[in-house]
Amino acid sequence: MSAGAPDDVNSFVREAMEILEIGPDLQDVVLNADKKLSVQLRVPMDSGEVEIFMAHRVQHNNSRGPFKGGFKYHPEASLDDVESLANLNTWKTAVMDVPFGGAKGGVMVDPAALSARELEKLTRKLVQGMKEVLGPWTDIPAPDIGTDERVMAWVFDEFSKHKGFSPAVVTGKPLHLHGSHGRDTATGRGVLYAAREFLKASLYTNVRDTSFVIQGFGKVGGWAARFLHEAGGRIIAVADSRGATYNEKGLDIPRLTGHMARGGTLTEYEGGGPILSGPNFLTLPCDVLIPAALGGVINAKMAERLQCKAIIEAANAPTTMDGDKVLRERGIPVLPDIYANGGGVVVSFFEWVQNLQNFQWDDEEVSRKLDRHMTDAYHQINMLATDHKVPLRVAAYVLAVKRVADAERHRGFD
Ligand code: NAD
């Protein structure tokens, strides 16, 4: 499943614009993408054949700074999907108050079907095709679904070949190659800080007294589970694409992680019992449901069936517009994606700053600065939610849209 159509994100943006009384001229500027680029990548495969893959980059808005957003490698990374995620990134960078705009890229490919050599060639072709729109002060990619630090290292290397040494052109690089401490764990760690503030200020409880169900056990869900577990939270169920596991008393996450690292599956894990996987997994009774896998999983039908008390959106766009409407009617509070998974873009910003300074911060400094960013943003959102008597999602968009609209106005339109 991919993210919703651009209209889904824009419906939240429009709601914020109404509250902010933003006029139609500015509305058109911020609702539409600045630039869309599609490139055909002709990649010589190991077999000797040449295969063609479509790549897209959408630059949505850069009024607050260079465009910023991941490159995902996925068969369904269509232009619409990428556009919707680029749009989301404009609001994410604004709500997290990092000096970037929003972009997203995608290559329509199943990376698991390619050899390492083919993947490297594909990535180098991608940079060759897009190098004129990328750059440390223009548009800065990052890892996303189907891409990792190895792919980002190739992006850095290929771009530097054409434009000179440029570590700041891409974030999410390996630590020994101008990467940042804490980047791989950033989104999951950010989910912990977000959960802590949300539970305290909005639900009047804490992580220790809360049960969590997490869909997705990858870079985001896996780390979020580990940090929430370390903080005393009870993770009662986790799922990935192959299955799920459940333990009412709470899963031993370090043990489960070790089991997975040894090639095990969630279903085989001895410290948990079998549980329905697939969409039904989301309907497990719990305090907090954390979708951390796919977009669009909480549609109106699913929202009716959920048995959680609150939702923290660690995935991008897990809730559709219709799903959100049902959750509002049912009074289930939602900590929205543009804030809840913003830890990744905050540490990406830290990596960019370190690259520009040719300096490296230690892990502790990165975590401390991330905590401050997440905590400050939560309280700003929460205050707007109280002032305007709106859900946290609308408040987050109000904060983000105001920042982007102010930047547009102050820069002028000449
Ligand atoms: P990932 O590929 O590392 O992990 C995805 C996980 O979801 C895997 O465990 C996979 O098995 C699982 N999954 C896939 N299909 C599933 C299904 N049908 N049911 C249950 N689980 C399923 O990806 P990730 O980086 O963890 O990203 C997850 C989500 O978070 C995406 O929406 C991504 O856009 C978003 N996100 C990621 C980051 C980041 O820093 N990685 C930052 C912000 C947002």
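Counting convention: from 1, in listed order, for ligands and their atoms alike.
Around CD of E18, the count of heavy atoms belonging to other residues, nucleotides or ligands within 6.0 Å does not exceed 12.
With K104 as the partner, the salt bridge (charged side-chain N to carboxylate O under 4.0 Å, His left out) test is satisfied by one option alone out of D80, D144, D139: D144.
Not a single donor-acceptor pair under 3.5 Å links the side chain of N87 to the backbone N or O of V9.
A salt bridge links K200 with E197: the closest approach of a Lys/Arg side-chain nitrogen to an acidic carboxylate oxygen falls below 4.0 angstrom.
The aromatic rings of Y397 and F12 sit tilted relative to each other, their planes meeting at an angle between 30° and 60°. Under the 30°/60° scheme for interplanar angles, the aromatic rings of F227 and W223 are found to lie parallel.
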Enumerate, one pair per line, all nitrogen or oxygen atoms of ligand 1 lying under 3.5 Å from a protein nitrogen or oxygen, stating the separation to 0.1 Å; write 'none' if no such pair exists.
unit_1, atom_1, unit_2, atom_2, d
ligand 1, 3 (O), K219, N, 2.9
ligand 1, 3 (O), K219, NZ, 3.4
ligand 1, 9 (O), F217, N, 3.0
ligand 1, 9 (O), G218, N, 3.2
ligand 1, 11 (O), S241, N, 2.9
ligand 1, 11 (O), S241, OG, 3.2
ligand 1, 21 (N), D240, O, 3.4
ligand 1, 21 (N), S241, N, 3.4
ligand 1, 26 (O), K219, N, 3.2
ligand 1, 26 (O), V220, N, 2.9
ligand 1, 32 (O), A293, O, 3.4
ligand 1, 32 (O), N316, N, 3.1
ligand 1, 34 (O), N316, ND2, 2.9
ligand 1, 40 (O), T187, OG1, 2.7

